[in-house]
Protein chains: 2
Amino acid sequence: MSKYINEMNDIFKALNDATRREILELLRQKDLSAGEIADAFNISKPSISHHLDILRRADLITSEKKGQFIIYSINTTIMEDVLQWILTFKK
Amino acid sequence: MSKYINEMNDIFKALNDATRREILELLRQKDLSAGEIADAFNISKPSISHHLDILRRADLITSEKKGQFIIYSINTTIMEDVLQWILTFKK
DNA sequence: TATATATTTAGACAAATATCTAAATACTTT
DNA sequence: AAAGTATTTAGATATTTGTCTAAATATATA
């Protein structure tokens, strides 16, 4: 409950940034390394790393080390929580 | 397009606050005056007024003057936009 | 018309956020 | 082992945000 609220806080906080929403849209198409994600934006790698951290903390993405790369993937199951919240407003 | 992005920015910004999400949940049940909404929170009336302004700017709520009261209503059609965005992630 | 009620506007302030550069860490290759 | 590549961590800074109190505006009532 308080846990649920915190979860929703983290999710909405993560979604409240156009760059992070774009990262999710990229990852929706395929897994990408941190560097590949950074290359898609005119933002420094440390800043992108920070965005990835926020998305990961909200559980919207997962990461896995592959050699010297870190591969990020989207976790669509969390979107289900947002979906359910939104659906309570349908009429 | 850029308009769409701004709209999404406003919507997600509005949703990125637990108090504002609670206001939406209250209004989902019935229309309320600004004062009635404020009474539901331990937050000053001016702060609630500010939250209402952010929700109204995102078009998530509408307001109508009724005598000396201002009655707020939820606008669920905007939730449809969020819903559509979320749905693009459904696998 | 004077007073009370409802709400917003204005202005201030502390906390959170997005960004940057520089440095640290971890892995790979030569 | 040294050098190069990938990524994060640390620390700084400017902007945004949520909150407050005080004042302004608008309507209703006595």
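Quick caveat: nothing in here was measured; it's all calculated off a predicted structure. Numbered from 1 within each chain, the chains take letters A, B, ... in sequence-line order.
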For nucleotides 27-30 of chain D, print each protein N/O atom paired with a nucleotide N/O atom at under 3.5 Å, atom names and distance only.
residue: D:dT27; atom: O3'; partner: B:Gln68; partner atom: N; Å: 3.4

* Is the shortest side-chain N/O distance from B:Tyr72 to OP1 or OP2 of C:dT8 below 4.0 Å? -> yes
* Asked: Which pair of heavy atoms, one from A:Ile70 and one from A:Ser63, lies closest together, and at what distance?
  -> CG2-CB, 3.8 Å
* Is it the case that A:Ser73 and A:Asp31 place a side-chain donor and acceptor less than 3.5 Å from each other? -> yes
* Rounded off to whole Å, could you give me the CG-to-P distance for the A:Leu55 and D:dT8 pair? => 12 Å
* Asked: Roughly how many Å is it from CZ in B:Phe41 to C1' in D:dG18, rounded to a whole number?
  -> 14 Å
* Pairwise salt bridge (charged side-chain N to carboxylate O under 4.0 Å, His left out) hits with a residue in residues 39-55 of chain B, at least two apart -> B:Asp39-B:Lys45, B:Asp53-B:Arg56, B:Asp53-B:Arg57
* Asked: Just how far, in rounded Å, is P of C:dT7 from CD of B:Glu64?
  -> 14 Å
* Polar side chain donor-acceptor pair, A:Trp85 to B:Glu25, under 3.5 angstrom -> yes
* To do: Could you check how far CZ of B:Phe12 sits from P of D:dT17, rounded to whole Å?
  => 16 Å
* To do: Decide whether B:Leu55 and B:Ile71 are clustered together by the hydrophobic rule: side chain heavy atoms of Ile, Leu, Val, Met, Phe, Trp, Tyr closer than 4.5 Å, transitively.
  => no
* Structure fact -> B:Ile71 CD1 to C:dT8 P, in whole Å, measures 11 Å
* To do: Considering non-hydrogen atoms only, spot the tightest contact between A:Leu83 and B:Ile86 and give its length.
  => CD1-CG2, 3.8 Å
* To do: Let me know the distance between CD1 of A:Ile70 and P of C:dC27, rounded to the nearest Å.
  => 9 Å
* To do: Search all heavy atoms of A:Glu80 against all heavy atoms of B:Lys90 and return the closest pair with its distance.
  => OE1-NZ, 2.9 Å
* Specify the separation, in whole Å, of atom CG of A:Asp53 and atom C1' of D:dA6. => 16 Å
* Does OP1 or OP2 of C:dA6 have a side-chain N or O of B:Ser33 closer than 4.0 Å? -> no
* Show your reasoning for whether side-chain contact (heavy atoms from CB on, under 4.5 Å) applies to B:Ile37 and B:Ile23. => CA-CA 7 Å; B:Ile37 295 168; B:Ile23 291 174; 3.9 Å; yes
* To do: Whole angstrom is fine here: how far is it from CG in B:Leu52 over to C1' in C:dT9?
  => 14 Å
* Structure fact -> Shortest non-hydrogen pair, A:Leu32 vs A:Leu27, comes out as N-CD2, 3.7 Å
So which protein N/O to nucleotides 18-22 of chain C N/O distances come out below 3.5 Å?
residue: C:dA18; atom: OP1; partner: A:Arg20; partner atom: NH2; Å: 3.1
residue: C:dA18; atom: OP2; partner: A:Arg20; partner atom: NH1; Å: 3.3
residue: C:dT19; atom: OP2; partner: A:His51; partner atom: NE2; Å: 2.2
residue: C:dC20; atom: OP2; partner: A:Ser44; partner atom: N; Å: 2.8
residue: C:dC20; atom: OP2; partner: A:Ser44; partner atom: OG; Å: 2.8
residue: C:dC20; atom: OP2; partner: A:Ser47; partner atom: OG; Å: 2.9

